[in-house]
Number of protein chains: 2
Amino acid sequence: MLEECKALSNETRLAILEWLKDPATHFPGIGDEADGVCVGLIQRRVGCSASTVSAHLATLQRAGFLQATRRGQWTYYRRDEERIRAFAARVHHDL
Amino acid sequence: MLEECKALSNETRLAILEWLKDPATHFPGIGDEADGVCVGLIQRRVGCSASTVSAHLATLQRAGFLQATRRGQWTYYRRDEERIRAFAARVHHDL
DNA sequence: TCGGCATTTCGCTTATTGCCGAAATTACGT
DNA sequence: ACGTAATTTCGGCAATAAGCGAAATGCCGA
């Protein structure tokens with residue numbers, strides 16, 4: 001619960017989670033979105049450095065909100081809906 | 001959402017919220033718990049300084065999780081169950 | 001009114017987080 | 001093998017958060 005809340009305690013990370021709900025509308029020029037969105041696209045949307053975005057994505061992944069798939073030189077990130085729902089349920093139950 | 005998550009991003013504050021679910025078992029020698037638990041009792045349970053505990057309680061109140069009632073020289077804090085439920089619902093819906 | 005108790009505010013120090021650019025890593029194409 | 005591109009890791013700096021003790025505030029009783 002603590003790690004998850006920490007991961008959500010940042011405007012940029014909340015925005016990323018929101019955008020990944022519907023990649024097609026938030027990331028122009030996206031192709032097959034089944035695997036998620038690559039770091040570069042997210043970085044351009046966020047507007048800060050690649051290293052910072054990478055850290056944010058790693059934080060969200062450690063918290064269980066994102067899944068990553070490496071394909072070639074790209075890493076695709078997508079929401080882990082199951083774990084997101086599980087977290088929401090835990091908030092409802094435990095908080 | 002951001003402010004609420006920040007408020008929950010601390011072990012001590014999470015513990016306080018948890019304890020206040022059932023004051024009678026977590027705070028020895030509590031009387032009428034309708035108004036909540038006074039800062040002194042919470043401070044003894046937490047084990048850190050009065051000023052720190054006061055800051056934590058203020059944070060939780062600003063986030064909407066606690067309500068405060070001043071009675072004489074004591075401030076009683078209790079969970080705001082309605083707003084806590086509302087937050088949980090928002091997490092479930094928006095996240 | 002004065003002294004004492006509960007709580008909050010203030011000023012400060014330390015720890016954590018956020019951010020960057022540079023360097024390292026990994027993969028692709030030639 | 002080499003050069004380029006995507007991403008991550010590293011080292012450092014600035015901003016925010018967490019903690020403390022001392023001082024201030026508010027309230028009660030003598």
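Reminder, nothing fancy here: chain letters follow the sequence lines and each chain counts from 1.
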Respond yes when some side-chain nitrogen or oxygen of [X] is under 4.0 Å from OP1 or OP2 of [N], and no when none is.
X	N	answer
Arg71(A)	dA27(C)	no
Asn10(B)	dA17(D)	no
Thr75(B)	dT8(C)	yes

Given [options], the nucleotide with the shortest approach to the side chain of [X]:
X	options	value
Gln73(A)	dG21(D), dC28(C), dG21(C)	dC28(C)
Arg13(B)	dT9(C), dT7(D), dA18(D)	dA18(D)
Lys6(A)	dC20(D), dT17(C), dT7(D)	dT17(C)
Thr52(B)	dA6(D), dG19(D), dT7(C)	dG19(D)
Ser54(B)	dT8(C), dC20(D), dC19(C)	dT8(C)
Ser51(A)	dT17(C), dC10(D), dG18(C)	dC10(D)

**OP:** Find which nucleotide of DNA chain C each of Arg44(B) and Ser9(A) is nearest to by heavy atoms, and output the residue with the more 5' nucleotide.
**Re:**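 Its nearest nucleotide being more 5', the pick is Arg44(B).
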Round to a whole Å and report the spacing from [atom1] of [X] to [atom2] of [N].
X	N	atom1	atom2	answer
His56(A)	dG18(C)	NE2	P	6 Å
Arg70(B)	dT25(D)	CZ	P	13 Å
Glu11(A)	dA15(D)	CD	P	19 Å
Leu41(B)	dA6(C)	CG	C1'	12 Å
Trp74(B)	dT8(C)	CH2	C1'	16 Å
Tyr77(A)	dA6(D)	OH	C1'	12 Å
Leu57(B)	dA6(C)	CG	P	16 Å
Tyr76(A)	dT8(D)	OH	P	12 Å

**OP:** Name the residue closer to the 5' end of DNA chain D, choosing between Ser49(B) and Ala58(A) according to the nucleotide with the nearest heavy atom.
**Re:**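 Residue closer to the 5' terminus by nearest nucleotide: Ala58(A).
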Taking [X] for its side chain and [Y] for its backbone only, find out whether a donor-acceptor pair lies under 3.5 Å.
X	Y	answer
Arg45(B)	His26(B)	yes
Arg79(A)	Leu17(A)	yes
Arg13(A)	Ala7(A)	yes

Subject >> Contact summary for Glu18(B) and Asp94(A), nearest pair of heavy atoms >> reply: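 The answer is OE1-O, 3.8 Å.
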**OP:** Could you tell me which non-hydrogen atom of Cys38(B) sits nearest to which non-hydrogen atom of Tyr76(B), and how far apart they are?
**Re:**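 What the structure gives for the nearest pair is N-CD2, 3.7 Å.
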